[in-house]
Amino acid sequence: MSSRRSRSRRSSNSSRITEEQIVELVSKLQDLLPEARSRTSDSASASMVLQDTCNYIRDLQQEVDDLSERLTDLLATTDMTSAQAAIIRSLLM
Amino acid sequence: MNRKNYTHPNPNPNYTSNNSMQSLHFIQALARINRAASKPTTPSCRTKQIRHAAYSSMAYTSGSRRKWSRALLIRLRQRQRLRARRLLTVRRRVRIVTPAMSLPEEPARAETLRRLVPGGRSMEYCNLLEEAADYVQCLRTQVQLMQSLVDAFSS
C-alpha cells in the first residue's frame, strides 16, 4: 500500500517523499531484523536500523557462503536420488 | 501465470508457496550440479556453482517484480558468461550507473546499504528501503532452506 502511495507521489512530479513514509519503511525494516539486534525503543534512529540491516545482510551472505561449502562436501558423499524425495517432502510440508 | 493450488494443508506457517518455489528451484539446480559431476571439478568450483544456484533461485523466485532480483539476474548471467570464457579475473568491473539523488535527510549508512542490495546504487532512498526489506526476507528464506538441507543430508 505504501508503494502505491509513493508511486502516485512520484507521478505528481514532486519528489517529496513524506517523513511518515520513510519512518514507516524504516520500522518495517526494523521488524525484519532478528530479536537480538532490534532495539527495544520505538524511536530507534534510522541510521541505527540501516547499520543493523547492513550487518544482517552481510551476515546472511556470509552464511550462504558457509552453507554452500558445507553442501559441497555433503553432496559429494550423499547419494542425491535416494535422499531427494524425503528432503523435498520435508521442505514442502 | 496461474498459481498451483496445493491441496494438502500447510501446517508450517514458515513455508508459503513462494518458499516452495524457491526450494524446488534450488534443489533442481543442486541435482543438475550433481549430475554434471562427470566432469572433474574442484571443490571450490563446486562451491561457487552452489552459491550461484542459491542466488539465482532467490532471484528467479522474485523474478521481474523486484529491482534487486532483476539486477541480481543480470549480474549472475554476466558472471556465467565470463566464467564460460574464463575471463573472470577481476571481481569488480566498471559499471555505468546513474546515481540516485540522495535526499538531504538520508543517513550516511544508506551508501553501504546501496552497495549491499543488488541494483541499489540507482534506487531512490524510499525504494531502497523497500527493496532492502524484500531482499533480507529472501536471503533469510534461502539461508533457512540451505540449513535444513544441510541438516537433512548430514543425518
Side-chain angles (χ1 to χ4, degrees), chain A residues 2-3 5-7 9-10 15-19 21-22 24-26 28-34 45-81 83-84 86-88 90-93, chain B residues 6 8 10-12 15 17 19-20 23-24 27 30-31 33-35 37 43-55 58 101 103 105-110 112-113 115-117 124-130 132-133 135-137 139-140 142-143 145-150 152-154:
Chain A
S2 63
S3 61
R5 242 182 280 140
S6 60
R7 245 183 258 138
R9 259 179 226 274
R10 256 187 277 134
S15 54
R16 210 71 204 106
I17 317 277
T18 65
E19 195 62 35
Q21 281 179 295
I22 303 270
E24 185 187 329
L25 288 173
V26 167
K28 217 170 61 156
L29 206 46
Q30 191 180 2
D31 291 337
L32 283 175
L33 299 178
S45 74
S47 75
M48 275 204 296
V49 172
L50 284 188
Q51 170 144 17
D52 290 345
T53 309
C54 290
N55 294 338
Y56 191 41
I57 290 180
R58 265 189 231 121
D59 287 349
L60 286 175
Q61 287 175 336
Q62 184 60 47
E63 269 201 71
V64 168
D65 291 344
D66 294 340
L67 288 171
S68 300
E69 280 193 36
R70 291 183 65 185
L71 272 179
T72 320
D73 303 329
L74 287 172
L75 271 186
T77 56
T78 316
D79 176 20
M80 181 68 160
T81 50
Q84 207 172 1
I87 291 164
I88 292 177
S90 70
L91 282 174
L92 296 178
M93 280 203 300
Chain B
Y6 294 98
H8 53 264
N10 192 359
N12 193 344
Y15 289 114
S17 59
N19 293 355
S20 312
S23 317
L24 275 179
I27 291 175
L30 282 185
I33 293 173
N34 222 30
R35 276 198 298 271
S44 68
C45 186
R46 284 278 200 93
T47 308
K48 280 189 211 138
Q49 286 176 329
I50 293 178
R51 192 177 166 276
H52 186 280
Y55 281 106
M58 278 173 55
M101 262 198 323
L103 300 173
E105 57 263 25
E106 185 180 309
R109 286 295 164 191
T112 324
L113 193 59
R115 264 183 272 134
L116 284 173
V117 174
E124 295 183 14
Y125 184 54
C126 202
N127 297 344
L128 179 66
L129 295 177
E130 256 192 278
Y135 184 55
V136 161
Q137 268 179 323
L139 257 184
R140 200 163 53 181
Q142 185 65 37
V143 165
L145 163 64
M146 291 173 82
Q147 184 64 56
S148 36
L149 274 177
V150 165
F153 274 133
S154 46

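Model, not experiment: these values are computed from the prediction. Throughout, protein chains are lettered first and strands after them, A, B, ... in sequence-line order, and every chain is numbered starting at 1.
A search for side chain to side chain contact (heavy atoms under 4.5 Å, CB included) contacts involving A54(B) returns V64(A), F26(B), Q142(B), M146(B), not counting sequence neighbours. With sequence neighbours left out, T47(B) forms a side chain to side chain contact (heavy atoms under 4.5 Å, CB included) with S68(A), E69(A), T72(A).
Ranked by non-hydrogen atom pairs under 4.5 Å with chain B, the options E63(A), R70(A), Q61(A) are led by Q61(A).
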Go through it in stages, so that I can follow the logic: the residues are L129(B) and L50(A), the test is side-chain contact (heavy atoms from CB on, under 4.5 Å), and I'd like the CA-CA distance, side-chain angles, deciding distance and then a yes or no. CA-CA 9 Å; L129(B) 295 177; L50(A) 284 188; 3.8 Å; yes
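The CG atom of L71(A) lies 9.0 Å from the CD atom of Q147(B); values are rounded to the nearest 0.5 Å. To the nearest 0.5 angstrom, L113(B) atom CG is 7.0 Å from L29(A) atom CG. Between the CG atom in D73(A) and the CZ atom in R46(B) there is a gap of 10.0 Å [rounded to 0.5 Å].
Closest approach of R140(B) and L32(A) over heavy atoms only: NH1-O, 2.8 Å. Nearest heavy-atom pair across L116(B) and C54(A) is CD1-O, 3.5 Å. Minimum heavy-atom separation, L67(A) to V143(B): CD1-O, 3.7 Å.
Neither the backbone nor the side chain of Q49(B) has a heavy atom closer than 4.5 Å to any heavy atom of chain A.
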